[in-house]
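To start, the structure itself, in structure tokens.
Order of appearance sets the numbers: ligands from 1, and atoms from 1 within every ligand. All values below were derived from every heavy atom in this structure, side-chain atoms included, with hydrogens, water molecules and symmetry-related copies excluded.
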Amino acid sequence: MSESTNGGTNGGTNGRRLRIGVIGLGIGRMHIEGWRQHPQVEVVAIADADPVRLAAVGDQFGIPGRHTSAEAMLAAESLDVVSVCTPNKFHKDLTLAALAAGCHVLCEKPMAMNADEGREMLAAAERASRRLMINFSYRFSAQSRALKAQVDGGVFGEFYFGRTVWHRRRGMPGFGGWFGTKALAGGGPLIDLGVHRLDLALWLMGYPKPTWVMGATYDPIARELADKAGKTFDVEDLATAFIRFENGATLALEASWAANIAEAELMETRLLGTKAGLLQKNLHEGYTFDAHLYTELNGAPFDLHLHQAATPAPSAMHDYADAILGDRPHPAPGEEGLIVMELLDAIYESARTGAPVKL
Ligand SMILES: NC(=O)c1ccc[n+]([C@@H]2O[C@H](COP(=O)([O-])OP(=O)(O)OC[C@H]3O[C@@H](n4cnc5c(N)ncnc54)[C@H](O)[C@@H]3O)[C@@H](O)[C@H]2O)c1
């Protein structure tokens with residue numbers, strides 16, 4: 001892992017408060033809230049091409065610097081860190097612009113439209129000696145952190161198989177908008193939802209090196225709905241993949257915006273280790289989670305259920321700020337974002353050709 005994009009060499013701010021700018025104010029509003037958890041951080045500027053959204057969010061959070069273009073914000077505000085929260089198509093160019101302006105970058109997932117763009121972003125971060133972090137937000141929940149602590153403590157032994165899933169019965173985000181438009185999103189539920197469950201599994205597994213990928217994509221439900229409604233939709237509505245790693249482990253990945261299943265929303269990551277297995281699953285078809293550990297103790301099968309944390313875990317933005325201010329490596333570095341992009345590219349390529357792809 002490169003030190004220059006993950007910190008440790010040029011990331012400190014010598015006791016200053018961090019000046020933050022946020023580009024794109026959909027999920028960008030969560031970034032503002034996440035950054036504000038840290039006492040040495042101030043969100044001083046926002047940028048959004050939509051002036052109505054810009055004014056509403058600026059007023060809501062009392063942010064002084066408001067810009068209808070990211071470039072104007074970067075030129076005017078002397079920022080330390082920028083959150084890139086626009087549609088995927090703009091992640092690369094805005095990250096390059098922020099790095100060129102001397103900023104560290106927290107880029108939303110997926111890192112980019114494809115791995116080539118991701119490589120360009122990483123190379124630019126290295127050249128600028130700035131950090132690049134990807135907002136793999138599902139790592140930062142209390143449950144995910146508790147599971148990772150058990151992984152690091154050796155409770156599971158070696159992981160050899162996993163299945164990581166995010167399905168929706170019907171849930172195309174902004175149906176007819178940029179999420180379902182390949183030229184703006186790069187893909188469908190795989191690049192939108194699958195990316196989270198893939199990162200979570202890989203992170204818990206210790207990011208083993210992938211070697212082979214077999215993937216398939218389908219679009220029967222959303223395509224029919226889009227055709228009937230006269231909406232744009234040229235990405236998949238369901239993707240599956242089977243990934244093999246250098247260490248022999250395998251991982252099944254599934255993601256959909258439309259599938260004929262019972263649950264409105266189903267998120268589940270299951271990893272089987274030589275000593276124990278884990279399950280992280282969403283509760284009540286929503287966005288809260290449960291974590292379980294399954295093992296055998298003295299010949300008896302035991303199930304351990306994680307108590308819900310009394311207080312929420314710190315945000316990804318809080319941890320990024322802490323790493324920058326403490327001159328320590330940050331979590332979810334661009335290098336891991338790039339591995340995810342390489343896997344997504346391989347899955348789409350395998351889906352296109354019908355053959356496995358060697359990485
Ligand atoms: N980590 C997560 O859990 C999570 C959740 C939702 C979305 N996301 C990601 O965040 C990104 C944005 O998604 P969203 O749901 O907020 O989309 P959105 O469409 O709701 O919001 C995007 C905003 O960006 C603005 N915008 C577009 N291009 C711009 C530009 N060049 N300069 C300035 N502003 C621009 C738009 O006006 C809009 O307000 C996507 O990459 C998505 O995958 C991540």
Next item on the list: For H67, enumerate each residue passing the ring-ring contact (aromatic ring centres under 6.0 Å, His included) test, keeping only those at least two apart in sequence or located in another chain.
Entry: none
Notebook entry, point to check: Is it the case that more than 12 heavy atoms not belonging to M30 sit under 6.0 Å from its CE atom?
Noted result: no
Check: Is the centre of the F90 ring less than 6.0 Å from the centre of the W178 ring?
Finding: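 Between W178 and F90, which both carry aromatic rings, the centre distance is not below 6.0 Å.
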Notebook entry, point to check: Using 30° and 60° as the class limits, which term best fits the ring planes of H292 and H305: parallel, tilted or perpendicular?
Noted result: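 Parallel.
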Next item on the list: Taking side-chain hydrogen bond (donor to acceptor under 3.5 Å, both in side chains) as the test, write out the residues that go with D48, two or more places apart.
Entry: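 Counting only residues at least two positions away or on another chain, D48 forms no side-chain hydrogen bond (donor to acceptor under 3.5 Å, both in side chains).
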Table please: side-chain donor-acceptor pairs of residues 294-303 below 3.5 Å, with sequence neighbours left out.
from, atom 1, to, atom 2, distance (Å)
T295, OG1, K275, O, 2.9

Notebook entry, point to check: Near ligand 1, which residues have a heavy atom under 4.0 Å away from one of its atoms?
Noted result: I23, G24, L25, G26, I27, D48, A49, D50, R53, C85, T86, P87, N88, F90, H91, E108, K109, P110, N135, S137, W178, F179, H196
